[in-house]
**Student:** 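Sending over a structure as structure tokens; questions will come in a sec.
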Number of protein chains: 2
Amino acid sequence: VPRRKAGKPHSMAPVVHIIASDDRPLLREAVEAGGAELGPLERADAVVVFRTSPADLPELPESVRWVQLPSAGVEHWLESGAIDGGRRWTSAGGVYARPVAEHCLALMMAGDRGLRRLVEARTWDDSRATRVLDGLTVAIVGAGGIGRALIEMLQPFKVEIIAVTRSGREVEGATRSLSAEQLDEVWPAADHVVIAAPATAGTRHLVGAAQLEAMRDDAWIVNVARGSLIDTDALVEALRNGTIGGAGLDVTDPEPLPDGHPLWELENVIITPHIANPYSVEETLLGERVQENVRRFAAGEDLLAPIDPEAGY
Amino acid sequence: VPRRKAGKPHSMAPVVHIIASDDRPLLREAVEAGGAELGPLERADAVVVFRTSPADLPELPESVRWVQLPSAGVEHWLESGAIDGGRRWTSAGGVYARPVAEHCLALMMAGDRGLRRLVEARTWDDSRATRVLDGLTVAIVGAGGIGRALIEMLQPFKVEIIAVTRSGREVEGATRSLSAEQLDEVWPAADHVVIAAPATAGTRHLVGAAQLEAMRDDAWIVNVARGSLIDTDALVEALRNGTIGGAGLDVTDPEPLPDGHPLWELENVIITPHIANPYSVEETLLGERVQENVRRFAAGEDLLAPIDPEAGY
């Protein structure tokens with residue numbers, strides 16, 4: 001039973017309904033801290049969705065004027081047609097930027113230090129070369145929230161940072177800022193290519209055979225965005241042939257990656273099962289965004305991370 | 001044949017001899033850039049040692065007034081009796097601080113993210129909890145050069161840092177600075193315990209059964225110092241029993257760790273074969289120190305990282 005602040009007339013505060021498979025106390029607290037009341041879907045002004053797929057979303061009454069989705073990437077929600085007009089929809093864009101950037105850094109360093117090979121060897125073999133981050137060039141393809149967080153985490157290192165955005169706007173902390181049209185400059189220049197762009201029709205197979213061929217043969221590619229941005233078959237070939245140095249993949253295509261897939265077997269690949277944003281912090285971080293967006297909704301202000309169906313994110 | 005600057009009388013510049021198993025152009029350049037001449041051991045004023053064990057050090061003529069050793073930890077040189085009086089000896093203390101600190105961060109993050117388990121699983125299993133650095137407490141036991149570099153690399157993260165030094169002096173960037181006498185406060189407080197103290201008689205088995213028992217059951221211990229600082233048998237027990245969360249070990253006792261040792265088999269252990277300072281940067285970084293110490297030697301100034309046989313480092 002949702003708690004209500006005694007004596008507060010219902011008409012004053014918007015009613016928010018949480019759609020989740022189990023009780024989410026942090027989200028309840030966030031809704032109330034943002035100045036709304038919790039209530040049933042039938043009389044909800046807004047809905048917060050947590051760990052629910054588009055197929056499981058119930059029909060929304062007309063009273064619902066805003067839906068907060070739980071993920072930063074919303075391509076599945078757009079493809080399903082769930083995101084209808086007539087109300088506002090927001091993603092969790094930027095919410096998980098820090099944990100995802102941190103995971104990205106962990107994958108980069110694990111690659112530099114050859115951790116997979118060393119773990120699997122189970123013998124003291126110091127014969128293979130490893131490298132340090134200092135002195136390397138890191139390219140971030142799609143320098144949005146994750147990219148900004150990663151750039152912040154890279155500040156103590158002596159690295160060159162190439163930040164690629166659609167517009168090519170100056171990205172703070174980057175050594176060079178490039179536009180999507182200048183993307184081909186990235187491949188031969190980078191020791192680490194970080195993929196952090198949204199999955200849209202325009203970014204599908206952004207990295208294919210030609211791009212991998214243009215990369216340095218000791219470069220690592222790290223994907224914390226969506227599997228579809230990389231042509232998996234071309235990646236397997238490039239990793240097998242030594243066209244590039246290795247890959248750190250938190251996302252794959254297909255996903256989940258099936259048992260026996262060649263990517264599992266390659267010693268220069270580190271795969272994590274889409275956990276860059278760990279469960280342990282998901283509700284806490286979404287709660288912070290929910291509180292702020294509820295406050296904005298109640299105050300009639302613009303919401304953070306509105307979804308633009310045209311742009312695809 | 002060492003190059004000599006034409007027309008420069010021998011008496012003006014000190015003669016430095018390099019002891020190494022093969023030619024080291026970066027060290028040669030460093031010696032000359034520091035203002036010395038390269039020359040044979042028989043008429044050397046100083047000696048630079050690279051990748052040579054104490055047993056392989058030739059007898060030094062009396063003319064040698066300074067010996068630059070290649071490693072930060074010099075306990076083997078002290079134990080062997082090679083470090084005699086009557087001349088100055090310097091270690092590479094601080095030289096490799098950045099690559100070692102970076103490796104330490106890589107091991108911490110690999111532990112937080114469960115990378116060993118995920119790499120070995122070869123299947124898409126996102127059921128196990130991982131954690132983020134943000135919000136954790138990192139204790140650095142022996143906050144010298146490596147500790148300072150690690151603290152710098154941790155600045156972008158929202159972590160509490162406990163720095164332990166012998167004296168307890170205020171360590172810049174640390175949340176709390178403790179003395180060796182306050183060490184017992186560290187074990188229950190830290191999510192990561194980083195061992196970065198020199199190996200001396202006083203630090204042997206600094207971490208034993210009692211200390212491990214006092215640690216949190218999800219805490220990781222990361223050793224980038226020397227294997228002898230941890231009681232290996234007690235560590236194996238603690239890792240098996242879930243007394244602590246895991247261990248990242250770049251150094252072990254015994255070292256090299258023999259095949260079949262129980263540490264190799266534990267899924268919450270990541271072992272790297274004493275490569276925190278990778279070969280790829282060793283000569284470059286030592287060269288920078290050699291150049292500066294040669295300059296100081298030629299100018300009659302104090303040298304960096306003089307070895308104190310009493311202190312044991």
Side-chain angles (χ1 to χ4, degrees), chain A residues 98-99 101-103 105-110 112-135 149 151-158 250 252 255-261 264-265 267 269-281 284, chain B residues 98-99 101-103 105-116 118-135 149 151-158 250 252 255-261 264-265 267 269-281 284:
Chain A
R98 284 188 62 87
E102 189 187 296
H103 192 77
L105 183 59
L107 290 175
M108 289 163 58
M109 295 179 108
D112 290 339
R113 299 292 179 152
L115 290 193
R116 170 164 179 174
R117 170 173 53 78
L118 292 170
V119 157
E120 292 186 332
R122 298 191 183 204
T123 191
W124 194 270
D125 174 11
D126 60 1
S127 65
R128 303 259 299 261
T130 60
R131 67 181 185 182
V132 300
L133 260 181
D134 276 352
I151 289 171
E152 194 186 330
M153 292 172 191
L154 287 173
Q155 289 310 304
F157 296 97
K158 299 167 183 171
D250 186 54
T252 58
E255 185 175 313
L257 195 69
D259 288 357
H261 192 282
W264 290 118
E265 307 303 322
E267 76 160 19
V269 178
I270 298 174
I271 297 167
T272 56
H274 208 140
I275 52 155
N277 169 38
Y279 295 146
S280 56
V281 294
T284 306
Chain B
R98 284 188 60 87
E102 190 187 294
H103 192 76
L105 183 59
L107 289 175
M108 290 162 58
M109 295 178 108
D112 290 338
R113 299 293 179 149
L115 289 193
R116 170 164 180 173
L118 292 171
V119 157
E120 292 187 332
R122 298 191 183 204
T123 190
W124 195 270
D125 174 11
D126 61 0
S127 66
R128 303 259 298 262
T130 61
R131 67 181 186 183
V132 300
L133 260 181
D134 276 353
I151 289 171
E152 194 186 330
M153 291 172 191
L154 287 173
Q155 288 310 303
F157 297 97
K158 298 168 184 171
D250 187 54
T252 58
E255 186 175 312
L257 195 70
D259 288 357
H261 191 283
W264 289 118
E265 307 304 323
E267 77 160 18
V269 178
I270 299 175
I271 297 167
T272 57
H274 207 140
I275 52 155
N277 170 38
Y279 296 147
S280 57
V281 295
T284 305

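Chain A is the first sequence line, chain B the second, and so forth, proteins listed ahead of strands; every chain is numbered from 1. Remember, it's a predicted structure, so these values are computed and weren't measured experimentally. Scope of the values below: all heavy atoms of this structure, side chains included, with no hydrogens, waters or symmetry mates.
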**Student:** Do you know which of B:Asp126, B:Leu107, B:Leu257 has the most heavy-atom pairs under 4.5 Å to chain A?
**Tutor:** B:Asp126
**Student:** Heavy-atom pairs under 4.5 Å with chain B are the metric here; pick the option from A:Asn277, A:Asp112, A:Leu133, A:Leu154 that has the most.
**Tutor:**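 Top count of heavy-atom pairs under 4.5 Å with chain B: A:Leu133.
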**Student:** Is there a side-chain contact between A:Pro273 and B:Leu118 in this structure, where contact means two heavy atoms from C-beta onward sitting under 4.5 Å apart?
**Tutor:**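 Sidechains of B:Leu118 and A:Pro273: in contact.
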**Student:** Taking every non-hydrogen pair under 4.5 Å, which of B:Asp125, B:Asp134, B:Val281 racks up the most with chain A?
**Tutor:**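 Option with the greatest count: B:Asp134.
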**Student:** I need the residue from B:Thr130, B:Leu105, B:Asp259, B:Thr123 with the largest number of non-hydrogen atom pairs under 4.5 Å to chain A.
**Tutor:**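 With the most close heavy-atom pairs to chain A, the winner is B:Thr123.
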**Student:** Considering only heavy atoms, which portion of A:His261 lies under 4.5 Å from any heavy atom of chain B: side chain, backbone, both, or neither?
**Tutor:** neither
**Student:** Tell me, please, which residues at least two apart from B:Thr284 pass side chain to side chain contact (heavy atoms under 4.5 Å, CB included).
**Tutor:** B:Leu26, B:Glu288
**Student:** Locate the shortest heavy-atom distance separating A:Trp124 from B:His274; write the atom from each residue and the value.
**Tutor:** CZ2-N, 3.7 Å
**Student:** Going by side chain to side chain contact (heavy atoms under 4.5 Å, CB included), B:Val119 matches just one of A:Thr272, A:Leu115, A:Ile270. Which one?
**Tutor:**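 For B:Val119, the side chain to side chain contact (heavy atoms under 4.5 Å, CB included) test succeeds with only one of A:Thr272, A:Leu115, A:Ile270, which is A:Ile270.
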**Student:** If I take atom CZ from residue B:Arg122 and atom CD from residue A:Glu120, how far apart are they, to the nearest 0.5 angstrom?
**Tutor:** 4.5 Å
**Student:** Name the option with the most non-hydrogen atom pairs under 4.5 Å to chain A; the candidates are B:Glu265, B:His103, B:Glu152.
**Tutor:** B:His103
**Student:** For each of B:Gln155, B:Arg131, B:Glu255, tally heavy-atom pairs with chain A at distances under 4.5 Å, and name the one with the top tally.
**Tutor:** B:Glu255
**Student:** Going by heavy atoms in the side chains, are A:Arg113 and B:Glu102 under 4.5 Å from each other?
**Tutor:**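 Counting from C-beta outward, A:Arg113 and B:Glu102 do come under 4.5 Å.
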**Student:** Partners of B:Val269 by side chain to side chain contact (heavy atoms under 4.5 Å, CB included), sequence neighbours excluded?
**Tutor:**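 Partners of B:Val269 under the side chain to side chain contact (heavy atoms under 4.5 Å, CB included) test: B:Arg116, B:Leu239, B:Leu249, B:Leu263, B:Leu266, B:Ile271.
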